[in-house]
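One structure is given here, and the rest of the page talks about it.
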Amino acid sequence: MPDVTERVRGVERSRIRMMFDRAEQHDGDLVRLEVGEPDFDTPEHIVNAAAEAARRGETHYTPNAGTLELREAVAEKFERERSVSFDPESEIMATVGGMEALHLALLATAEDGEEVVIPSPVYPNYEAQAKLADATPVNVPLDEDEGYALDVDVVRDAITEDTAAVVLNSPANPTSQVFERDVALEVVEAAAEHDAWVISDEVYMGLTYDGPTRSLAADAETDNVLVVDSVSKQYAMTGWRVGWLAGPEHLISETTKIHEATTASPSSVGQAAATEALTGDQEPIEAMYDAFLERRNYVADRIADIDGVTAPTPDGAFYAFIDVSELGDDFEIAKELCDDYGVVLTPGSGFGPGGAGNLRLSFANSLENLEEGLNRFEKFVADNQ
């Protein structure tokens, strides 16, 4: 029998999970700035749409690719906000959150022993999902001194004949940086030269603060881009578990077959909620965006005023990636901040080899909590200089 333990060995987000568990077990006053999800509740009109769908009896299986209404709404969003066209009937499938979309994309593109190139620091589940697909993750550290900009030469050097896919996440978790389009498109071309796919995780693209939000697929001259997105971040719907995968028809046909054999489809009620999120009143969504922008500006200004640490100004998402390398080991610092100063941040070393020496701060929290948390962090820095 296959050794399941061996297959998943090393995929655990050990340091990130350890910090979360440490905070859960703490019985004192904590300001928790480690969690990567909006602090807002799902807007009421979206909740009402789900309840109404359930009362209408929309509680049964849906097509494996998701309801056509949702796929049409996704296609309209791509056209309206991302400047790219996908056929809702054949090039989009609904998934159980963006996580399943990523998993299906890797299962469909990577074969046993092939490689998945992952610029780092990065969301650790990419590596985990590559391993679950029996592929080999190849971490490519990005240069902190360059603001974690995507380096096409470094990524191109990592792409070989064994490369099945390259995963690009922009805006990125944990750095919140947006990759330059021309550079990202060069990566797409380099992947195409080796018959490799590019999986573009655009789940944070609706929270981009300083530039356009064109999908990577909008300008690619090759047909090797798969796009992952969901309602989780932009619409404060993490618990609804609805996302989607978009790409060429022949690939979406294959991922839909895998989907049929695993989860069949996302929740029918969740899909109704997601459809309303994409097509209904956008005023609450815009208000959340404005709040995140205000928080981004506050956090960037506060960190810039703290001697001994630095952080790139976040281009998108809701994270600040703080360089604390002059103060010591990031994991030890995170533990001390939690235990002795009452503020929880995520150790950057949990995000791959490019993240060591940093702490991730999530500003998906109130300005009041951000102020208190940064006051405590600033005191720690002063005490250790």
Counting only heavy atoms not in His259, do more than 12 fall under 6.0 Å of its NE2?
yes
Closest non-hydrogen atoms of Met288 and Ala236, given as atom of the first, atom of the second and distance, are SD-CB, 3.8 Å
Determine yes or no for a side-chain-to-main-chain donor-acceptor pair under 3.5 angstrom, with Thr255 supplying the side chain and Ala105 the backbone.
-> no
In terms of heavy-atom contacts, Ala191 and Ile159 come closest through N-CD1, 4.0 Å
Q) In this structure, are over 12 heavy atoms from other groups packed under 6.0 Å from Asp182 atom CG? A) no
Query raised in the report: Which of parallel (below 30°), tilted (30 to 60°) and perpendicular (above 60°) describes Tyr148 and Phe321?
Result: perpendicular
If we only count heavy atoms from C-beta on, is the Gln385 to Leu327 side-chain gap below 4.5 Å? yes
Whether Asp315 side chain and Asp210 backbone form a donor-acceptor pair below 3.5 Å | no
Which donor-acceptor pairs under 3.5 Å do the side chains of residues 238-250 make with protein atoms, sequence neighbours left out?
from	atom 1	to	atom 2	distance (Å)
Thr238	OG1	Glu37	OE1	2.5
Trp240	NE1	Thr42	OG1	2.9
Arg241	NH1	Thr238	O	2.9

Residues pairing under salt bridge (charged side-chain N to carboxylate O under 4.0 Å, His left out) where one sits in residues 106-125, two or more places apart or in two chains, turn out to be none
Shortest non-hydrogen pair, Ser176 vs Pro314, comes out as CB-CB, 3.5 Å
Tightest non-hydrogen contact, residues Val227 and Ser215, listed as CG2-OG, 3.7 Å
Decide whether a cation-pi geometry holds between Lys335 and Phe331; the criteria are a distance under 6.0 Å from NZ or CZ to the six-membered ring centre and an angle within 45° of the ring axis. yes
